[in-house]
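What follows is one structure encoded as structure tokens, with my remarks underneath.
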Amino acid sequence: MAQQGKFQAIKGVRDILPPESALWNRVEQAARDVFATYGFAEIRLPAFEATQVFERSLGLNTDVVSKEMYTFEDHDLQFLEWLRAEVVARARTAASEKDKGALIARLNTFLIQTREQIKNGMMPQTAPNAIALTRLECDLNFFAAVSDRTPREEIESMAQNVRDTVEDIQFGVSVTLRPEATASVARAYIEHGMHTLPGDVKLYYMGPMFRRERPQKGRYRQFYQIGAEVLGQSDNPGIDAEVIEMLLAFLDLSGLTERKVYVNSIGCRECRPKYVELLRGELQKVKDQLGADSQRRIDTNPLRVLDSKLPEEQPLIETLPRIAEHLCEDCRKHYAALKEQLKLRGIVYEENWRLVRGLDYYMRTTFEITAPGLGSQNAVCGGGRYDGLVELLGGPPTKGIGFALGTDRLILALQEAGKGEAKPQLDVYVAWLGAAAYPMAVRVARTLRGAGFAVELPHEEMKFKKSLGLADRLGARYAVILGDDEVAASTCTVKRLADAHQEKIAEAALVEHLRRHSSELL
RNA sequence: GUGGGCGUAGCUCAGUCGGUAGAGCAUCGGAUUGUGGAUCCGAGGGUCGUGGGUUCAAAUCCCAUCGCCCACCCCA
């Protein structure tokens, strides 16, 4: 229903309306409650970071970084942008005598202005910018020296140079809407010197993330995650197991009982590269039996071939070498201990040797939770160990493990499982009639709300017929009816809407009366 | 970026061979001026996604375009 002139939410983002928003609150509250019992505290992170934080953490050649991030330059230099566009436009036609002069003039102004802004601190003083400016200076000199004898191709090639260089200049810092939060947590851990805190640092977060992807079921451009991280000096598998235990306790409280837990180990910097090469070699041998996507992955990321869903590739994939058999001694012990720790906690899990992670920072323990009813995105939650990430971002050597749960998908799974019901609760509807009753209605509503009841008070005078009709449709448990009679006697007529039973209660005793019957409210 | 499906009332959807735009639910009002749910009566609500073409006549046929959904890639 895209009608001209009507606004609608942009592609891939959406409104979460009542009553569904109540389910969201329930889920998020469950997370807070459970995480708190495991000693986790909330960290509230910015929604955007310097682009490099994500490039460094996730890896430059991951899909997320290379094509799915919302990235922009943060600056306030419209005049320079306009100048740049002018330079580019003039450079396009620089071969003619007239435009040559215009290009020189614009480029000259651009260079002066740019230097000025850098001096003022309005533009970043970076090495690439310095190089670009020097190059433009040379180009300027070239154009000033152009004569009739200068070959046309040379002029055009230089003009092309100018366009490319001028467009490469960074006016501001590159920032990115966060596509995930682990990188931000690591950044914050370093920035605030959290390695000096006693014990492991246990943090959780929740909120929106952003990826510029084609939307589909359970996948949005603004999506939500609930996540938790443990950072510290220890990589004891007990931590990994406890994180998984906590995650499952949270899912229990949320009501997601139909789910599967998969675990795997993907090795470390020592043994994983060796395995990847082994796998690549094996895949090369059977290349012609694979689909086009998998063939491409042999070069780009052999581990992802294991993820293939193509039915015809499955038998072949089953014959491939498994990382569990090629882990180094330390990783083997770590993985074995993890499984022991899970058993110790009575956690039912499945090993999935094909479970690999897409992001560069993962190592050793990886895990995933799946649930039915999510379309082709059956993963609700993924996580793993990322020792070394903090160091990669310039911090001290630090171990880390955590998970991120797709809230949109958890909500979807709960709804599919019939556990998405979230009725708005309305305890009392105050129906009043007559000018004298309104002040009493205001008073009663305020008193009841003060006592913790959810109360609806109409502000237009309505016949009781209409008032009670509304009370019914709003799902109120009780109606308090106030008219001239009640005002005269300082009593309230209290009607239980479920069975139409009603009685008169003194105004002063109303709260006590409703409290006594609060079990009926539930 | 690639492929498929779908756009008619707030929602779910009919709409025949091209011939005045429909139903159910929802909303509002009335039957019922101190009492809700049921029933009955009534009302409002539409640029048939948008633009163009064919035609005496287009929701319907043709072209283009936009939007949404699902799937692939990839991922939570």
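Letters A, B, ... mirror the listed sequences (proteins, then strands); counts begin at 1.
- Considering only side-chain N and O atoms, A/Lys217 lies nowhere under 4.0 angstrom from the phosphate OP1 or OP2 of B/C69.
- To the nearest angstrom, P of B/U35 lies 20 Å from CZ of A/Arg496.
- Nucleotide B/G46 forms no Watson-Crick or G-U wobble pair with any nucleotide shown, as no partner meets the under 3.5 Å limit on both distances.
- Nucleic acid contact for A/Asp485: base, since at least one base atom lies under 4.0 Å from a heavy atom of the residue.
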Side chains of residues 206-216 of chain A: which donor-acceptor partners sit under 3.5 Å, not counting sequence neighbours?
{"unit_1": "A/Arg211", "atom_1": "NE", "unit_2": "A/Pro179", "atom_2": "O", "d": "3.1"}
{"unit_1": "A/Arg211", "atom_1": "NH2", "unit_2": "A/Pro179", "atom_2": "O", "d": "3.2"}
{"unit_1": "A/Gln216", "atom_1": "OE1", "unit_2": "A/Ser376", "atom_2": "OG", "d": "3.4"}

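- Taking atom C1' in both B/A14 and B/G52, one finds a spacing of 28 Å when rounded to whole Å.
- In this structure, CD1 of A/Ile369 is placed 12 Å from C1' of B/A76, rounded to the nearest angstrom.
- In this model, the phosphate group of B/U27 is approached by a side-chain N or O of A/Arg473 to a distance below 4.0 Å at OP1 or OP2.
- At B/G67, none of the side-chain N or O atoms of A/Gln8 fall inside 4.0 Å of OP1 or OP2 (strictly under the cut-off).
- For the P atoms, the distance linking B/G4 with B/C63 amounts to 15 Å, nearest Å.
- In this structure, B/U33 makes no Watson-Crick or G-U wobble pair, since no nucleotide meets both defining distances under 3.5 angstrom.
- Using Watson-Crick or G-U wobble geometry with both donor-acceptor distances under 3.5 Å, B/G7 finds its partner in B/C66.
- Within the 4.0 angstrom heavy-atom criterion, base atoms lie near A/Gly483.
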Would you check, one step at a time, whether the test side chain to side chain donor-acceptor pair (under 3.5 Å) holds for A/Gln222 with A/Tyr224? CA-CA 7 Å; A/Gln222 176 174 336; A/Tyr224 295 79; 2.8 Å; yes
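- The partner of B/A26 is absent, by the rule that a Watson-Crick or G-U pair needs both atom distances under 3.5 Å.
- Taking 4.5 Å as the limit, some side-chain heavy atom of A/Val380 sits within range of a side-chain heavy atom of A/Leu405.
- Looking at the side chain of A/Arg219, the nearest of the listed nucleotides B/C68, B/C73, B/G36 is B/C73.
- Nucleotides of RNA chain B nearest to A/Lys11 and A/Leu470 differ in position, and the one nearer the 5' end is that of A/Leu470.
- B/U32 and B/C70: their P atoms are spaced 50 Å apart (whole Å).
- With rounding to whole Å, A/Arg221 atom CZ is found 14 Å from B/C74 atom C1'.
- The distance from atom NE2 of A/His501 to atom C1' of B/U35 is 15 Å, rounded to the nearest whole Å.
- For the P atom pair drawn from B/G49 and B/U35, the interatomic distance equals 47 Å after rounding to whole Å.
- The base of B/U35 lies outside donor-acceptor range of the side chain of A/Lys465, with no N or O pair under 3.5 Å.
- Using C1' as the reference atom, B/A59 and B/U16 are 13 Å apart when rounded to the nearest Å.
- Nucleic acid contact for A/Ala476: none, since no nucleic acid atom lies under 4.0 Å from a heavy atom of the residue.
- The same atom, P, is picked in B/G29 and in B/C72; the two are 49 Å apart, to the nearest Å.
- No salt bridge links A/Lys274 with A/Glu277; every basic N to acidic carboxylate O contact stays at or beyond 4.0 Å.
- Across the strands present, B/A71 finds its partner in B/U2; the criterion is a Watson-Crick or G-U wobble pair with both atom distances under 3.5 angstrom.
- Spacing between atom CZ of A/Phe367 and atom C1' of B/A76 amounts to 12 Å, rounded to whole angstrom units.
- The minimum heavy-atom distance linking A/Tyr362 with A/Gly384 is given by the pair CE2-N, 3.3 Å.
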Please walk me through it: do A/Phe35 and A/Tyr204 pass ring-ring contact (aromatic ring centres under 6.0 Å, His included)? CA-CA 8 Å; A/Phe35 296 171; A/Tyr204 74 86; 5.4 Å; yes
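- Among the heavy atoms of the strands lying under 4.0 Å from A/Ile481 is at least one base atom, whether or not backbone atoms are also near.
- Atom CG in A/Asp360 sits about 15 Å away from atom P in B/C74, given to the nearest Å.
- For A/Lys202 and A/Asp200, the salt-bridge test fails: no basic side-chain N is under 4.0 Å from an acidic carboxylate O.
- What separates CG of A/Leu374 from P of B/A71 is a distance of 10 Å, to the nearest Å.
- Across all strands shown, A/Ala498 has heavy atoms under 4.0 Å from base atoms, whether or not it also approaches the sugar-phosphate.
- Contacts of A/Val380 with the nucleic acid, taken as non-hydrogen atoms under 4.0 Å apart, involve only primed sugar atoms and P, OP1 or OP2.
- Figure legend. B/A76 is base-paired to no nucleotide; pairs are counted as Watson-Crick or G-U wobble with both atom distances under 3.5 Å.
- Among the protein residues, A/Asp472 comes within range of the nucleic acid bases, having at least one heavy atom under 4.0 Å from a base atom.
- When rounded to the nearest whole Å, the span between CG of A/Leu468 and P of B/U35 equals 9 Å.
- A/Glu318 has a carboxylate O that lies under 4.0 Å from a charged side-chain N of A/Arg354, or vice versa, which qualifies the two as a salt bridge.
- Note on A/Asp252 versus A/Arg259: salt bridge recorded, some NZ/NE/NH1/NH2 to OD/OE distance being below 4.0 Å.
- Pair assignment for B/U16 gives none, since no Watson-Crick or G-U wobble pairing has each distance under 3.5 Å.
- Residue A/Leu359 places its side chain closer to B/A76 than to any other of B/A76, B/U35, B/G36.
- The residue A/Glu180 sits apart from the nucleic acid: no heavy atom pair falls under 4.0 Å.
- Checking the phosphate oxygens (OP1, OP2) of B/U33, no side-chain nitrogen or oxygen of A/Lys466 falls inside 4.0 Å.
- With P as the reference atom, B/G7 and B/G15 are 11 Å apart, rounded to whole Å.
- The pairing partner recorded for B/U60 is none, the criterion being a Watson-Crick or G-U wobble arrangement whose two distances lie under 3.5 angstrom.
- Remark: the separation of the C1' atoms in B/U8 and B/U60 is 11 Å, to the nearest Å.
- Counting any heavy atom pair closer than 4.0 Å across all strands shown, A/Ala379 reaches sugar-phosphate atoms only and no base atom.
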Only pairs under 3.5 Å count here: list side-chain donor-acceptor contacts from residues 481-492 of chain A, not counting sequence neighbours, and write none if there are none.
{"unit_1": "A/Glu486", "atom_1": "OE1", "unit_2": "A/Gly483", "atom_2": "N", "d": "2.8"}
{"unit_1": "A/Glu486", "atom_1": "OE2", "unit_2": "A/Thr493", "atom_2": "OG1", "d": "2.6"}

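- The side chain of A/Glu486 lies closest to B/G34, out of B/G34, B/A76, B/C73.
- Listed pair A/Lys463 / B/U32 fails the phosphate criterion, with no side-chain N or O lying under 4.0 Å from OP1 or OP2.
- Within residues 204-215 of chain A, the residues having any heavy atom under 4.0 Å from RNA chain B are, by residue number, A/Arg211, A/Glu213, A/Arg214.
- Nearest-nucleotide positions on RNA chain B place A/Gly12 closer to the 5' end than the other of A/Arg296 and A/Gly12.
- In summary, the side chains of A/Gln284 and A/Arg280 do not present any donor paired with an acceptor at a separation below 3.5 Å, with no hydrogens or angles considered.
- One finds a side-chain N or O of A/Gln216 lying less than 4.0 angstrom from the OP1 or OP2 phosphate oxygen of B/A71.
- Using a 4.0 Å heavy-atom distance criterion, A/Phe403 is classed as making no nucleic acid contact.
- Salt bridge A/Arg364/A/Asp235: present, at least one basic N to carboxylate O contact under 4.0 Å.
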